[in-house]
Amino acid sequence: MLVNIGQLLTLRSDRVKAGPRRAADLKELGIIKDGALLSQGGRIVSAGTTKDARRDPWLRKNRAKVMEIDCAGKVVIPGFVDSHTHPVFVGPRLVDFEKRTEGASYEEIAASGGGIRSSLEAVRKAPKSALAAKVLAALNEMAAHGTTTAEAKSGYGLTVDSELKSLEAIRDAASLWPGTVVPTLLGAHVIPAEFQGRSQKYVDAVCKEMIPQAARRKLAQFVDVFCDRGAFTPQETEQIFASAESHGLSVRAHMGQLSQTTLEPFLRFNPASFDHMDHVSDSDIAQLAQHDTIATLVPGANYFLGLEEYPDARHLIDAGVPVALATDYNPGTSPTVSMPMAMSLACTHMKMSPAEALAAATINGAHALRLAGRKGSVEPGKDADFAIFAVKDYREIPYFFGADHCSMTVLNGVIAGGE
Ligand SMILES: [Zn+2]
């Protein structure tokens, strides 16, 4: 039981509509002052005030059995749900990083052999155990920053064997981490060099080998496609989505990072999320406002690429599109595991309010992974996922950027990290 919580952000509110949070509902944090939170067996039992918890007859009787943590006025939030990460890689891309400081663009670096393709060789060669160790290290670092649920994509192998190996590494790391991991097959990240000019052959490998095997072996819950200039075309993306659907896997996609793609034709596949969304048309925004597909914004990528433009979060939110925030943790464009940093960028560069950023990083992230029944808010019956921040006011979380103020994270009832 946590007591003396300065602000307990439950994100629970009777005022909000069911489903992903849209428009004004994104600001509803359900804050309880001087809060208390009881969990048992990995589930939240109750959330209320410390005063009420002290009066509770069951708690009075069972005090000796309850482990009490005095939060001394700190802030408690639902654990972050980081719904977009690429943790299966071996090393950082320091040469690309340096080149970028000299003015090279994302596409210039990719054309000169850097970018996603430069991570392939190391992942193809690495033993599964080495990849799993990398993934686990990233998950632990995420937990230290308040994340309790993470989506994890493959996508740096791009052969049938190395993509399946990457998914196995995610599974093995997840089995050693107390939080929740959602695995995604991103075999369609880029066309690997050996398939240059024969992209249909590679799409066939994704559709006829990777997806069926990942589905049969239950190694992935989602199939993702990088649909953009220089990656996969809308037609190829539809083929891959159709294959995923026929094998019982849900879909999500990287969309609109470099160029605008018309989103409407994909909606029949009921994608969980479209991610990046730097370039999106007004008519697609109007469509998305009528659907539960989440627009997942990853401002860490814009920041790290040194871009001046960020996704137009204000337009999306005000139009009624449900927006989530994620880190896009990856070695090329967003090497951060910090959801507080993503929130800070959302506030400073996308004009989201701290409250909107917090809800986008928790409950709407849970919707983006189709886990909102269990994750993303502090409510009785949900999983005991929460993070304690050593601040007095939740707005300090995005305000003090670049610092980790998370002092304890509880993942499915298990304490990780700590001061
Ligand atoms: Zn990504």
Side-chain angles (χ1 to χ4, degrees), residues 80-89 92-93 96-97 106-107 109-110 114-120 123 134-135 138-139 142 147 149-158 163 166-167 170 181-192 206 220-232 237 240-241 250-259 261 263 266 271-280 293-305 307 310-311 323-339 341-342 345-346 360-361 365 368-369:
F80 290 122
V81 179
D82 191 347
S83 59
H84 183 145
T85 86
H86 304 251
V88 196
F89 62 90
R93 290 200 210 129
D96 294 3
F97 180 50
Y106 177 89
E107 286 169 300
I109 286 168
I116 294 166
R117 291 187 185 94
S118 68
S119 289
L120 298 183
V123 168
K134 286 280 179 187
V135 175
L139 292 171
M142 289 177 193
T147 297
T149 299
E151 187 253 18
K153 306 176 197 291
S154 66
Y156 294 116
L158 307 187
E163 285 297 302
S166 296
L167 291 172
I170 291 168
V181 176
V182 176
T184 294
L185 170 66
L186 179 57
H189 203 179
V190 288
I191 310 279
V206 172
Q221 291 178 33
F222 289 96
V223 169
D224 192 343
V225 181
F226 184 13
C227 177
D228 216 318
R229 193 167 73 199
F232 293 84
T237 302
I240 294 164
F241 276 8
S250 301
V251 298
R252 52 198 321 112
H254 288 65
M255 284 285 180
Q257 181 181 8
L258 307 169
S259 61
T261 299
L263 302 176
F266 302 109
S273 171
F274 289 136
D275 299 36
H276 284 279
M277 302 288 273
D278 296 68
H279 305 278
V280 52
T293 300
I294 308 291
T296 301
L297 310 181
V298 291
N302 300 66
Y303 164 78
F304 193 72
L305 292 172
L307 305 182
Y310 281 70
V323 164
L325 281 174
T327 60
D328 193 15
Y329 174 62
N330 79 77
T333 60
S334 191
T336 180
V337 295
S338 172
M339 289 294 280
M341 184 68 195
L345 292 170
L369 296 180

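Just follow the structure's listing: the first ligand is 1, and inside any ligand the first atom is 1.
F226 CZ: more than 12 foreign heavy atoms inside a 6.0 Å radius.
Here the side chains of Y156 and P331 are in contact, with some heavy-atom distance below 4.5 Å.
With 2.8 Å as the limit, H84 counts as an N, O or S neighbour of the Zn ion (ligand 1).
Of all the N, O or S atoms in D328, the one closest to the Zn ion (ligand 1) is OD1. H254 has its closest N, O or S atom to the Zn ion (ligand 1) at the position named NE2.
Counting only distance, with no hydrogens or angles, the side chain of T85 and the backbone of E151 share a donor-acceptor pair below 3.5 Å.
A donor-acceptor contact closer than 3.5 angstrom links the side chains of D328 and H84.
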